Amino acid sequence: MSTAILTGQPVPGSSIEADLRSLGFDVRIASDAAAAGALLAEVPAGQRVAVVDARFVGHEHALRLGLTDPRFPLAAIPGAVTAQPAARRALALAMDRATADGTTAASEPATTGGTEPAAVGSTESAAPEAVTGDAPETVSGEAPAPVGTLLTGALADRVAAALSADGSDPHRPDLGSLVATVPDDPQTRNEARQAVAAVDDEAVRLKSAVKARDGFFTTYCISPYSRYIARWCARRGLTPNQVTTASLVTALIAAACAATGTRPGFVAAGVLLLASFVLDCTDGQLARYSLQYSTLGAWLDATFDRAKEYAYYAGLALGAARGGDDVWALALGAMVLQTCRHVVDFSFNEANVDSTAATANTSPTAALSGRLDSVGWTVWVRRMIVLPIGERWAMIAVLTALTTPRITFYALLIGCAFAATYTTAGRVLRSLTRKARRTDRAARALADLTDSGPLAERLAGALKPVARRLPGFTAPAVALLGGAAVTATAALTGFGGPWPVLAALLYVLTSALAVARPLKGPLDWLVPPFLRAAEYGTVLALAAGAGVNGALPAAYGLVAAVAYHHYDTVYRIRGDAGAPPPWLVRATGGHEGRTLAVVVLAALLTASQFAVALTVLAVAVALLVLLESIRFWVTAHRGGAPAVHDEGEPA
């Protein structure tokens, strides 16, 4: 239970107490500032607490946005301020300061009225001045407070201002058309109530549940009705995590239907995949509608998205095999391409999240992008051609129902290849044409994304003097050359030969040289995706070259397990939790260790033995990364890690 301290007696006809109770607050009334401070001290340390002006007039959803969002330790709207347990000390200090400042202000000569109330829909705090002195009455017609007393009506906004002055600036949500104001007299109160009545609180809440920037298919084919499903779920007490799990189960059933290899099975698979995507949109909309954000929920949503898609690929491959068509290489190729696309997104974003160009991107490429976005239809075209999750899943579902798995994978590979080329080329041009200084944090994040194991780390230490004398483009260049060498050698030489081993040794050397100095160059964000493509591509090439049943499915399992480890690394970095523990990276060998191990196994074992070895390796890696990942995220959730909300794959 959270606690709301209502400063002053509510105005007759006010719904503030009922609104606060409906939001889960235990309401306590403070007659003056001293009483408010005493009530604040009495609230248990593990509870959220809010200080609310009794004169507040506004929408209930404005209060919900300002006082219940779990992502922010401190938040404020006009007339109200709140703190989660981690920020309670800052709130108490601000309360003391606001009380002291208010008492001083109350001792000064009288004024004849307060300031103008905060604007409707504004997030700026406009604290009214204390009204004291020898004036016979205030503007509202009430008796003045004694000299030296802080009017409690001014307290919430003064506390918010004191928090900002102390460097603990509270989050101020964008209220849009919602009303949140503190009227000083009956006339402005009536005007504010009329403004509240003129705006449909529920309509605004439903609209805000939909992600602001999404793909064309999601915006026009899913969100118009999925938001109502989200509201239905909220009213029945369902949580976003439950909807996320339902989406996963639906996608797994779709994969099982596809694995039957029959036309009815393929049709059912396509329909269920679309149903899974509707639920996937619903869970995020439910989180935004009810403000049920959590660290665990963000991880589940992001992880299950990948699990659903890649399980469906496997289902298609199994279904095709039942019909006598082996498309495992295509399925694995689609997973490799899609994962590498995501790594490009993650690496570029992490490299620029806090660079000097992140807030002032004036490159010619960015200017062209801005001009294109100024023409309405080009925005949707550009969002569609990158094949975001909505368009991609719709295409997969339709092609599954109407064609064959092979045609589905061909279309998927062509579409993803074009999208990857388009987005990567644009980001390369932006990186080359804008001058940005990478921070140490960005360099550390890129280093973590490389997933370098003990071999690369030890060699990198020895190669540091050499790396310092090389040009700035060395890191991505050597990563590309080394990766291309090992992948091409594995694909073009016969299975079991010595050449891939030599190429893998060269790959270990080049990958070490790529990370021998901090990744702060303009194109250094390309190093992680180059390394991902090299590792996954080598496994694909060797499994395809083995030419025995079971080799490609085993390779699919191994790449899926390793890809999960890499996605998990991204989500930890996004949550400011750092990279996975060093022991896990050492235990899994790092990208260069796994690549070398797979190549050596291919050289020493027969094709059938190699398939068994890939299976064992896939199971071992999956167990290690899954158990550690689940342990970490569940512990973080139980430990009260800051709530986050991942908006999902960029549209």
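Given the structure is predicted, the values throughout are model-derived calculations rather than measurements.
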Discussion item. In terms of relative ring orientation, are Y571 and Y567 parallel, tilted or perpendicular, with 30° and 60° separating the classes?
Written reply: parallel
Are the side chains of [X] and [Y] in touch, meaning some heavy atoms are under 4.5 Å apart?
| X | Y | answer |
| --- | --- | --- |
| R594 | D451 | yes |
| L316 | V327 | no |
| R213 | R383 | yes |
| L542 | T538 | yes |
| E202 | H61 | no |
| D568 | T303 | no |
| L274 | W393 | no |
| W633 | L300 | no |

Worksheet item: Hey, does the Lys NZ or Arg CZ of R586 hover above the aromatic six-ring of W583, less than 6.0 Å from the centre and inside 45° of the axis?
Response: no
How long is the straight-line distance from [atom2] of [Y] back to [atom1] of [X], given to the nearest 0.5 Å?
| X | Y | atom1 | atom2 | value |
| --- | --- | --- | --- | --- |
| M335 | L412 | CE | CG | 12.0 Å |
| H637 | T295 | NE2 | OG1 | 8.0 Å |
| R427 | Y422 | CZ | OH | 10.5 Å |
| D345 | T423 | CG | OG1 | 6.0 Å |
| N352 | R430 | CG | CZ | 9.5 Å |
| T400 | L272 | OG1 | CG | 11.5 Å |

Worksheet item: Are T244 and L248 close enough, and set up right, to give a side chain to side chain contact (heavy atoms under 4.5 Å, CB included), and what steps lead you there?
Response: CA-CA 6 Å; T244 300; L248 173 66; 6.0 Å; no
How about [X] and [Y]: are their ring centroids closer than 6.0 Å?
| X | Y | answer |
| --- | --- | --- |
| W380 | Y220 | yes |
| H591 | Y507 | yes |
| F495 | F610 | yes |

Which atoms form the tightest heavy-atom contact between [X] and [Y], and what is the distance?
| X | Y | value |
| --- | --- | --- |
| T218 | D214 | CG2-OD2, 3.3 Å |
| R227 | S223 | NE-O, 3.0 Å |
| W525 | S347 | O-CB, 3.1 Å |
| E350 | A445 | OE1-CB, 4.0 Å |
| A420 | R341 | CB-CG, 3.6 Å |
| L526 | P476 | CB-CB, 4.3 Å |

Check: [X] side chain, [Y] main-chain N or O, donor-acceptor pair, under 3.5 Å:
| X | Y | answer |
| --- | --- | --- |
| T250 | A246 | yes |
| E391 | F216 | yes |
| R532 | T450 | yes |
| S208 | R205 | yes |
| T424 | T421 | no |
| E592 | G453 | yes |

Worksheet item: Using a distance-only test with no angle check, is there a side-chain donor-acceptor pair under 3.5 angstrom linking T339 and Y536?
Response: no
Worksheet item: Quick one: do the T260 and T262 side chains pair a donor with an acceptor below 3.5 Å?
Response: yes
Item to complete: Before giving the answer on ring-ring contact (aromatic ring centres under 6.0 Å, His included), spell out for Y228 and Y225 the whole-Å C-alpha distance, their side-chain angles and the decisive distance to 0.1 Å.
Response: CA-CA 5 Å; Y228 295 100; Y225 58 88; 9.1 Å; no
Item to complete: Step by step, work out the side chain to side chain contact (heavy atoms under 4.5 Å, CB included) result for V486 and L506.
Response: CA-CA 8 Å; V486 67; L506 175 64; over 6 Å; no
Worksheet item: Should the heavy atoms of other residues, nucleotides or ligands under 6.0 Å from CZ of R322 be counted, would the total exceed 12?
Response: no
Worksheet item: If you draw a 6.0 Å radius around CG in N549, do more than 12 non-hydrogen atoms from other residues or ligands fall strictly inside?
Response: no
Discussion item. Under the criterion side chain to side chain donor-acceptor pair (under 3.5 Å), I'd like the reasoning laid out for S276 against Y312: C-alpha separation, chi angles, the key distance, then a yes or no.
Written reply: CA-CA 11 Å; S276 174; Y312 192 83; over 6 Å; no
Discussion item. Assess the residue pair T404 and F266 against the criterion (side chain to side chain contact (heavy atoms under 4.5 Å, CB included)); give the C-alpha distance rounded to whole Å, side-chain angles, the decisive distance to 0.1 Å, and a yes or no.
Written reply: CA-CA 9 Å; T404 65; F266 287 145; over 6 Å; no
Practice prompt. Take S629 and Y564, measure what side chain to side chain contact (heavy atoms under 4.5 Å, CB included) needs, and give me the verdict at the end.
Written response: CA-CA 9 Å; S629 176; Y564 175 87; 2.7 Å; yes
Item to complete: Give every residue pair that meets the salt bridge (Lys or Arg N to Asp or Glu O under 4.0 Å) criterion with at least one member in residues 603-631, sequence neighbours excluded.
Response: R572-E628, E628-R631
Item to complete: Return the set of residues passing side-chain contact (heavy atoms from CB on, under 4.5 Å) with A555 (not counting sequence neighbours), or none when no residue passes.
Response: L332, V539, A543, L614
